[in-house]
Amino acid sequence: MNETTFALKGTICFSESPTKLSVTENGYLVCENGVSAGVFTELPEKYQGIPCRDTNGCLIIPGLTDLHLHAPQYCFRATGMDLELLDWLNTITFPQESRYADLEYAKAAYSIFAEDMKKSATTRASIFATLHVAGTELLMDLMEETGLKTLIGKVNMDRNGPPTLQEESAGASARDTVTWLEETAGRYQNVKPILTPRFTPSCTDELMTKLAEIQQKYHLPVQSHLSENFGEIAWVKELCPNTRFYGEAYDQFGMFGGPDCPTIMAHCVHCPDEEIALMKERGVYVAHCSQSNTNLSSGIAPVRRYLDEGLHVGLGSDIAGGTTVSLLRAMADSVQTSKLRWRLVDDSQKPLSLEEVFYMATQGGGSFFGKVGSFDAGYEFDAVILDDANLPHPQPLTPKERLERLVYLSDDRNITGKYVSGNKIF
Ligand code: GUN
Ligand code: FE
């Protein structure tokens, strides 16, 4: 038995399936070499005597995966929320992201972001930086220190930005991307690069062609935005008259999923049938960002349909379209908007359940990172301890009810422990 073997004791909850929660009260969750050895009602003989953190009945859940957020947008979150997507990008977001040319500013802002990510219930995340190479490397350095496992992308944008936030040419954007990849290669344990063409309106065909070559050469995953908002979708139609639907604007360059190109597409609010079929065929991950879709008047994604059709769906905070990095809040928001969708848009698509949003926040998104998001033996030991002692109640509550309260109240102060691949973060 080596010293990296230990147990957590408490009320252990994880998804057995998208619709079923596994609950073990007074259970032991055992970690061996960074990996779960399973959940036990009694500590098995061979684990007798290992260190055990007794949480006194706290809930222990898998770490949460944030499939989509923008680190440089964290410090202006919760401002400009009266705007729709394209106006918000042009008047708030692009000018703010321009600031990250200044490394002093980037350090101040990204330090605040990294600190708050560390304290959150998030253990894995796929993050957009900005187009700036030095700032992106600084973000990677800071996120490495948090111990969270993250994918971080230097953003590519060579058209339709303001003069302060647009790369000089497709060639310059591609060169900067290679510089960034070469400079950071082998530097990190916890951080990996992800190719990040911002969205079709920001990237010329020439740039996409070059990025596709880089994707293949460096075997990179890809993240971008898809079918988020009516104004954006109409713009893509104008920009790409040769495509039948938005997803083809990525697919024509070979950057839309498939075995050699793991891909996350954020939003997917207004995907036509053919686009959904292609996402399914290619195993594209949908990052469902419910709060952002409300804030930016984008709409309500048909998540019930995605789940029914067997697409990969995870949750994204989409900072700063969304205002909080809390994935507990993202779970609650996803249930709420799904109820509005059912009531106002399509009553054949029943609302999402707690079990379903919990699954999306854990294994749904986690599986993009490998065996992540479950406590079944063999999964990476990512765990979060939720203490609800400050939420007293005279009546009895089941573990599921306690979990639901913690999700809906989504208060950071209830997060009292976190582990990533067996490493204690706090
Ligand atoms: N589409 C292109 N860029 C962005 C962004 O920063 N946020 C959101 N929500 N959508 C985008
Ligand atoms: Fe986004």
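Note that the numbering runs from 1 along the sequence shown for the chain. Only this structure's heavy atoms are used, side chains among them; waters, hydrogens and symmetry mates stay out. Remember, it's 1-based here, ligands and their atoms both numbered in the order they're listed.
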**Message:** Pairs of nitrogen or oxygen atoms closer than 3.5 Å, one from E97 and one from ligand 1: do any exist?
**Reply:**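 No: no nitrogen or oxygen of E97 is under 3.5 Å from one in ligand 1.
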
**Message:** Taking distance alone, with N or O pairs closer than 3.5 Å, would you say W88 contacts ligand 1?
**Reply:**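 Among all N and O atoms of W88, none is under 3.5 Å from an N or O of ligand 1.
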
Determine whether a donor-acceptor pair (N or O, by modelled atom type, separation under 3.5 Å) exists between the side chain of [X] and the backbone of [Y].
X: Q166; Y: G161; result: yes
X: S36; Y: F375; result: yes
X: R405; Y: L391; result: yes

**Message:** Among all the protein's non-hydrogen atoms, which is closest to atom 3 (N) of ligand 1, and how far away is it?
**Reply:**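 Atom 3 (N) of ligand 1 sits closest to the protein heavy atom R198 NE, 2.8 Å.
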
**Message:** Give me the nearest non-hydrogen protein atom to atom 10 (N) of ligand 1 as residue plus atom name, then the distance to 0.1 Å.
**Reply:**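 Result: E228 OE1, 2.8 Å.
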
**Prompt:** Given the side-chain rings of F199 and F128, with only the six-membered ring counted for Trp, is the space between their centroids under 6.0 Å?
**Reply:**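 Not close enough - the centres of the two rings lie 6.0 Å or further apart.
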
**Prompt:** Knowing that exactly one of E16, K400, M360, E404 qualifies, which makes a side-chain contact (heavy atoms from CB on, under 4.5 Å) with E355?
**Reply:**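 Exactly one option meets the side-chain contact (heavy atoms from CB on, under 4.5 Å) with E355, and it is K400.
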
**Message:** Heavy atom to atom 9 (N) of ligand 1, shortest distance: which of N229, I319, D318, L226 holds it?
**Reply:**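 Among N229, I319, D318, L226, the closest heavy atom to atom 9 (N) of ligand 1 belongs to D318.
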
**Enumerated ligand 1 atoms positioned under 4.0 Å from heavy atoms of F199** =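 So the answer, numbered in order with elements, is 1 (N), 2 (C).
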
**Trace of the side-chain contact (heavy atoms from CB on, under 4.5 Å) decision for I233 with Y246** = CA-CA 7 Å; I233 295 165; Y246 193 160; 4.2 Å; yes

**Message:** Any carboxylate oxygen within less than 4.0 angstrom of a Lys/Arg side-chain nitrogen, looking at K154 and E167?
**Reply:**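 A salt bridge is present here (some side-chain N lies under 4.0 Å from a carboxylate O).
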
**Message:** Any donor-acceptor pair under 3.5 Å linking the side-chain atoms of E182 with those of Y218?
**Reply:**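 Yes - a donor-acceptor pair under 3.5 Å links their side chains.
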
**Item:** Residue-atom pairs from the protein, N, O or S only, that lie under 2.8 Å from the Fe ion (ligand 2)
**Value:**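 For the Fe ion (ligand 2), the protein N, O and S atoms that sit under 2.8 Å away are H68 NE2, H70 NE2, H225 NE2, D318 OD1.
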
**Prompt:** Under 6.0 Å from the six-membered ring centre of F426 and within 45° of its axis: does the NZ or CZ of K418 meet both?
**Reply:**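 Negative - K418 is either too far from the ring of F426 or too far off its axis.
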
**Request:** Decide whether the shortest distance between a heavy atom of H267 and an atom of ligand 1 is less than 4.0 Å.
**Result:**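 Yes, H267 has heavy atoms under 4.0 Å from ligand 1.
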
